[in-house]
Protein chains: 2
Amino acid sequence: MLSLQDRDVHQCDSGWVPVFVDQDKSIAVMSIGFLLEKPDDAVVWRGPKKNALIRQFIADVTWGELDFLIVDTPPGTSDEHISTVESLRPFKPLGAVLVTTPQAVAVGDVRRELTFCKKTGLRVLGIVENMSGFVCPHCSECTNIFSKGGGEELAKHAGVPFLGCVPLDPQLTQSLEEGRDFLQEFPKSLAFSALTDIAKHLLAEASTCSS
Amino acid sequence: MLSLQDRDVHQCDSGWVPVFVDQDKSIAVMSIGFLLEKPDDAVVWRGPKKNALIRQFIADVTWGELDFLIVDTPPGTSDEHISTVESLRPFKPLGAVLVTTPQAVAVGDVRRELTFCKKTGLRVLGIVENMSGFVCPHCSECTNIFSKGGGEELAKHAGVPFLGCVPLDPQLTQSLEEGRDFLQEFPKSLAFSALTDIAKHLLAEASTCSS
């Protein structure tokens, strides 16, 4: 998505140097993908090895001074989530953003993730409803392919903020597919305004917490 | 999806009795969901506990005589996949069906799953491309929301059968949402013909292998 295939992580005296997305070094990325010899290599790892790597990604990468560290986890409440929460606890993480699609089976998973956050004492910054409606580029009619409103309803029910709906947007998926800069190229798309609203909300939240 | 919320697994002398979808007992289901006290309970389990449960689901459930045992795994190549393949090995499984969405990031995951199958000696029955195009119900124009053709290209590249494309279909998602019988209610939908073609292909494959 960030056009970082074939990029390598380098080792320096103080640890692993992350991969930078741009020359300004405004975004630093670390991923197990960078450590594979070939892009087809399967990471056939049970929990303990994954947990060790997660700890290394936090402790042994020369992150430098960061404004935000964003950890993108798989769905669920298993090894990756437990290890991430445990490893980040000393750094007092701001909280978790839970992302769901609107339909009941997906919302059910996120309900269990809410329970996980409560159990582990991780604050929930809010819920995002992704893949929420599709506006046909040919006739401008909207179809709720994966139902609608499940994320908002869950947020209400759980008493956590609802951060917004991100619609299915072929311009967004195409940008990710081709590693192009969606924010630069499609500032008028529906997903653009949804994503910037969510980002603004989270930035406001972060500045309240740090002040 | 099968309207089995609130159903319980019972214990009998010979093991756990699975949950049956219909009166004919034509489909038996086992899921960790049936073992939770409340539907919101998070299963905060590291690998070893998950692995033990997977083994129990295969060994301790009174499955009876089955035509097919279908194991729906999460994406990836981790504990669940290793344990499932290891536990089923004595029963000589027919193989794996790999499901991807069309875009490059999803196809990349499935490429690694192909490597996993090769490593573990699990035959690949084929690749399905899900969420493959959306035909607007208002204007009948097709939009490839998540790109198109990634699954078919991967199958060609890997030399495994391509089983077909399943389009995004609001009638299918709505049926799953409401626990209704999609096959009975929407026999003319695009997803119906795609899914039945895939099922026929797999049935033919199974009868070749057993004969």
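Only this structure's heavy atoms are used, side chains among them; waters, hydrogens and symmetry mates stay out. Lettering of chains follows the sequences in order, A, B, ..., and the numbering in each one begins at 1.
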Notebook entry, point to check: Checking heavy atoms, do the side chain of B:K38, its backbone, both or neither come under 4.5 Å from chain A?
Noted result: neither
Check: With respect to chain B, which residue among A:N144, A:V44, A:V43 yields the maximal number of heavy-atom pairs within a distance under 4.5 Å?
Finding: A:V44
Next item on the list: Answer with side chain, backbone, both or neither: which region of B:Q174 has an atom nearer than 4.5 Å to a non-hydrogen atom of chain A?
Entry: neither
Checklist line | Pairs of heavy atoms under 4.5 Å with chain A: top-ranked of B:S83, B:G150, B:G33 | finding: B:S83
Notebook entry, point to check: Under 6.0 Å from the CD atom of A:E205, do we count more than 12 heavy atoms belonging to anything else shown?
Noted result: yes
Next item on the list: Examine whether an atom of B:T120 lies under 4.5 Å from a heavy atom of chain A, and if so say whether it belongs to the side chain, the backbone or both; otherwise answer neither.
Entry: neither
Note to self: Contact between B:P74 and A:P75 at the side-chain level, heavy atoms closer than 4.5 Å - yes or no?
What the structure shows: no
Notebook entry, point to check: So, A:S78 side chain and B:W45 main chain: donor-acceptor pair closer than 3.5 Å or not?
Noted result: yes
Next item on the list: Using modelled atom types only, decide if a donor and an acceptor are shared between the side chain of A:R46 and the backbone of B:G47 within a distance under 3.5 Å.
Entry: no
Note to self: Return the CG to CG distance between B:D40 and A:L154, rounded to the nearest 0.5 Å.
What the structure shows: 8.5 Å
Next item on the list: Return yes if some donor-acceptor pair links the side-chain N/O of B:T173 with the main-chain N/O of A:I145 below 3.5 Å, else return no.
Entry: yes
Item checked: Partner chain B: residue of A:I82, A:D41, A:N51, A:D169 with the largest heavy-atom pair count (under 4.5 Å) -> A:I82
Margin query: Does A:D6 have more than 12 heavy atoms from other residues, nucleotides or ligands lying within 6.0 Å of its CG?
Written below: no
Item checked: B:R111 side chain vs A:P39 backbone, donor-acceptor pair below 3.5 Å -> no
Notebook entry, point to check: Just wondering, do B:V105 and A:L176 contact through their side chains at under 4.5 Å, heavy atoms?
Noted result: no
Notebook entry, point to check: Who wins among A:K49, A:K50, A:K118 for the most heavy-atom pairs under 4.5 Å with chain B?
Noted result: A:K50
Notebook entry, point to check: Quick one: what part of B:C142 sits under 4.5 Å from any heavy atom of chain A, side chain, backbone, both or neither?
Noted result: backbone
Next item on the list: Mind running side chain to side chain contact (heavy atoms under 4.5 Å, CB included) on B:T143 and A:F134 for me, showing each step along the way?
Entry: CA-CA 10 Å; B:T143 307; A:F134 172 68; 3.7 Å; yes
Checklist line | Nearest-0.5 Å distance that lies between atom CZ in B:F146 and atom CG in A:L172 | finding: 9.5 Å
Item checked: Shortest non-hydrogen separation from B:R112 to A:L36 and the atoms involved -> CD-CD1, 4.2 Å
Note to self: Check whether A:E177 reaches the backbone of B:A104 with its side chain - one donor and one acceptor, N or O, closer than 3.5 Å.
What the structure shows: yes
Next item on the list: For atom NE2 of B:H157, decide whether the heavy atoms of other residues, nucleotides or ligands shown that lie under 6.0 angstrom number more than 12.
Entry: no
Note to self: Between B:K119 and chain A, with a heavy-atom cut-off of 4.5 Å, which part of the residue counts as in contact: side chain, backbone, both or neither?
What the structure shows: side chain
Checklist line | Which atoms of B:D109 approach chain A - backbone, side chain, both or neither, heavy atom under 4.5 Å | finding: neither
Check: Any donor and acceptor pair, going by atom type alone, linking the side chain of B:T77 with main-chain N or O of A:A42 inside 3.5 Å?
Finding: no
